[in-house]
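Report on the following structure.
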Amino acid sequence: MAVGRSNGSRCYSTALLQRVALLILLTNSLLDTCNWLFHPEPALGSQGDLQARFRPLQGFRVTGVAAAPVSAPNVFSCTGSCCPPKQSPKLWSPQLQSGPVRTRLSFQTAFSDPAYVSKYKLAYQKLRELQASNASDPRGWLQQANVHCAYCSNTYGMDIHRTWLFFPWHRWYLYFHERILGQLIGDPTFTLPFWNWDSAAGRAIPAAFLDKSSPIYNANRNNLNSLMSQITSSCSIPQMQSAMLDAQTTSLFLGKPPGTGSAGGSVELGVHGAVHVATGLQSSPYIDMGSLSSAGKDALFYAHHLNIDRLWWLWPQLPPAANGNPRANPTSADWLNSQFAFYDENAQLTM
Ligand code: C2O
């Protein structure tokens with residue numbers, strides 16, 4: 001699957017990063033949503049049901065009935081156990097890069113190339129070494145997981161999950177994570193693979209993830225048989241049809257604004273959560289992928305989200321919805337002007 005990654009992110013992000021000074025008041029009253037995200041969901045298609053079960057985010061100042069664009073968090077006011085390093089952000093605008101479009105490969109393609117496997121493992125090895133040599137470097141293994149944790153709990157006073165920020169926030173997160181890995185191995189062309197669990201051919205977990213001596217091994221994973229059988233049933237063709245084809249409106253697919261009545265989209269609530277839960281389970285003796293606050297400690301997490309990103313990229317290309325609605329991203333300024341802050345490949349906080 002050729003995805004003009006940087007391109008895809010850039011054309012999206014140019015609008016996204018427009019600076020908007022609308023004020024959003026954030027309080028500490030957000031619910032800890034890290035764990036209940038993955039409580040079993042009713043069958044997709046019953047969005048009313050999902051919405052009734054969704055406890056709206058508290059604390060956003062809501063203008064009218066919709067949200068205003070969220071502003072980047074003030075990292076200095078971060079509280080909680082997973083605050084990434086605090087530093088002043090630098091304004092950043094995406095720049096077009098020269099050179100060929102980089103392609104992200106599926107697991108089955110990427111991991112059939114020994115040279116790629118070595119490079120991928122080396123990149124995560126470096127991420128772990130950085131963690132060990134300088135625990136406060138925001139690019140290190142745990143700090144990268146913290147960035148995700150911070151946006152899913154009270155830590156930053158906002159949660160990008162179960163909202164229409166889910167796809168764009170994770171696209172940015174992966175963009176920087178990938179650049180960090182590329183920087184650590186001195187290869188700016190490095191790309192992450194996607195775990196295409198929606199295909200029988202791509203579902204298998206490559207051996208490199210299962211080798212205990214590998215930097216991409218994780219002990220907090222479900223046993224392989226159970227993991228694979230759960231994923232096979234929860235990412236079956238009917239499940240994919242629910243997540244992708246049956247989501248015939250922008251808000252069914254992408255989710256709704258943070259604020260009153262917010263809710264996640266069909267992919268997030270369906271296959272996305274199912275793969276998290278199947279991989280880590282939601283309680284001891286496993287958990288990393290099973291809770292958003294710890295998911296970033298498993299390299300599979302990033303590959304999982306690369307597939308989520310791919311599904312977002314695919315959705316507008318599907319045949320038009322039966323009801324005539326275009327399958328299109330929101331055009332609202334509230335969505336386009338949302339702001340986030342991330343650490344770049346030089347450990348600089350950017351927004
Ligand atoms: Cu930020 Cu799969 O979650």
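First listed ligand is number 1; within each ligand, the first listed atom is number 1. Fair warning: this is a prediction, and the values are worked out from it, not measured in the lab.
- Of all the N, O or S atoms in His272, the one closest to atom 2 (Cu) of ligand 1 is NE2.
- In this structure, the separation between OG on Ser226 and CE on Met228 is 10.5 Å, given to the nearest 0.5 Å.
- Side-chain contact check for Tyr173 versus His148: some heavy-atom pair is nearer than 4.5 Å.
- For a distance bound of 2.8 Å, the N, O or S atoms of His304 include none lying that close to atom 2 (Cu) of ligand 1.
- Angle NE2(His148) to atom 1 (Cu) of ligand 1 to NE2(His170): 110° [nearest 10 degrees].
- With ring centers used as reference points, Phe342 lies under 6.0 Å from Trp169.
- With hydrogens and angles left out, the side-chain atoms of His161 and Glu268 include no donor and acceptor closer than 3.5 Å.
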